Amino acid sequence: MSMKLTILAGINCLKQCALNAATPKNSLMHTSACLRKVEDRKEMLASMPAKDEGTLGEKSVDIDTLIDRKAKFFPDASTATQLFNGIPFNELPIVNIRVSPNNTIISVTDYKGVPRLIRSCGIEGFKNTRKGTNIAAQATAVTISAKAVELGWKTIRVKVRGLGPGRMSAIKGLQMGGLNIVSVTDNTPVSWNPPRPRKQRSL
């Protein structure tokens, strides 16, 4: 008897499914799974942050407003002898940040140019492509700034060279490590006669 009831219930269920399939508003079949995946991927790619080429954050300081406020922003003839924490500007230790797309090397020298500390993202323990990230540059900067503070250096000037993701984050890491940055100089070499570009691709 129970077997008969089960079969009847199954038949009724099949009839109901057939009726639902006949009306398009209650369709049980969905064929848009592939399209949904493509849409989800597009949304994910759109939400991802843009690739940082090392110039992100460069626009954060508005020079025009500083000039309007008559801030002492650019160096002049008296800057070399100006005192910062009791030390003349031209005797402050220099932090050289060498940035490339694959690595960031930070060295601390005295005012004569004799290197005292050198640290890179590779020495810090980052491997392969992680060396070129802004997080690696920031971690390296925090480490080297802690060592510089141990040597008794608190006020420094910074020279940045090259383009890469670690430009701004390395400077931020030096500040996080407890160093007082007086000036930031960009020493990126710019060629007046760069190499000839590749010929245009023929399609």
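We count residues from 1, following the sequence as given. Nothing here was measured: the structure is a model prediction, and the numbers come from that model.
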Linked, directly or transitively: [X] and [Y] (ILVMFWY side chains, under 4.5 Å):
{"X": "Val182", "Y": "Val184", "answer": "no"}
{"X": "Met168", "Y": "Val160", "answer": "no"}
{"X": "Phe126", "Y": "Ile118", "answer": "no"}
{"X": "Val142", "Y": "Leu179", "answer": "no"}

Given 3.5 Å as the limit, does a donor-acceptor pair link the side chain of [X] with the main chain of [Y], or not?
{"X": "Lys154", "Y": "Gly178", "result": "yes"}
{"X": "Ser169", "Y": "Asn134", "result": "yes"}
{"X": "Arg167", "Y": "Gly162", "result": "yes"}

Requested in this report: Please check if any side-chain donor atom of Asp186 sits under 3.5 Å from a side-chain acceptor atom of Thr188, or the reverse.
Outcome: yes
Query raised in the report: So which of Val95, Leu117, Asn96 actually passes side chain to side chain contact (heavy atoms under 4.5 Å, CB included) with Thr109?
Result: Asn96
Could you tell me which non-hydrogen atom of [X] sits nearest to which non-hydrogen atom of [Y], and how far apart they are?
{"X": "Ala137", "Y": "Thr104", "answer": "CB-OG1, 3.8 Å"}
{"X": "Ala170", "Y": "Ala141", "answer": "O-CB, 3.1 Å"}
{"X": "Cys121", "Y": "Asn103", "answer": "CB-OD1, 3.3 Å"}
{"X": "Ile106", "Y": "Ile144", "answer": "O-CD1, 3.3 Å"}
{"X": "Asn90", "Y": "Tyr111", "answer": "O-CB, 3.5 Å"}
{"X": "Ser145", "Y": "Gly173", "answer": "OG-O, 4.0 Å"}

Report summary line: side-chain hydrogen bond (donor to acceptor under 3.5 Å, both in side chains) test vs Thr143 passes for just one of Glu124, Arg119, Gln138, namely Glu124
Query raised in the report: How long is the gap from CD1 on Ile181 to CD on Gln175, to the nearest 0.5 Å?
Result: 4.5 Å
Report summary line: dist Asn187:CG -> Arg98:CZ (nearest 0.5 Å) comes out at 11.0 Å
Requested in this report: Could you go through the side chain to side chain contact (heavy atoms under 4.5 Å, CB included) check for Arg116 and Trp153 one step at a time?
Outcome: CA-CA 11 Å; Arg116 295 294 178 89; Trp153 291 332; 3.3 Å; yes
**Report entry** Residues Leu163, Val99; criterion side chain to side chain contact (heavy atoms under 4.5 Å, CB included); working and verdict
**Finding:** CA-CA 6 Å; Leu163 286 173; Val99 188; over 6 Å; no
Requested in this report: Taking the side chain as every heavy atom from C-beta outward, state whether Leu174 and Ile97 have any atom pair closer than 4.5 Å.
Outcome: yes
Query raised in the report: Is there a side-chain contact between Leu92 and Ile156 (heavy atoms, below 4.5 Å)?
Result: no
Report task. Step by step, work out the side chain to side chain contact (heavy atoms under 4.5 Å, CB included) result for Lys131 and Asn102. Result -> CA-CA 6 Å; Lys131 288 191 294 185; Asn102 300 322; over 6 Å; no
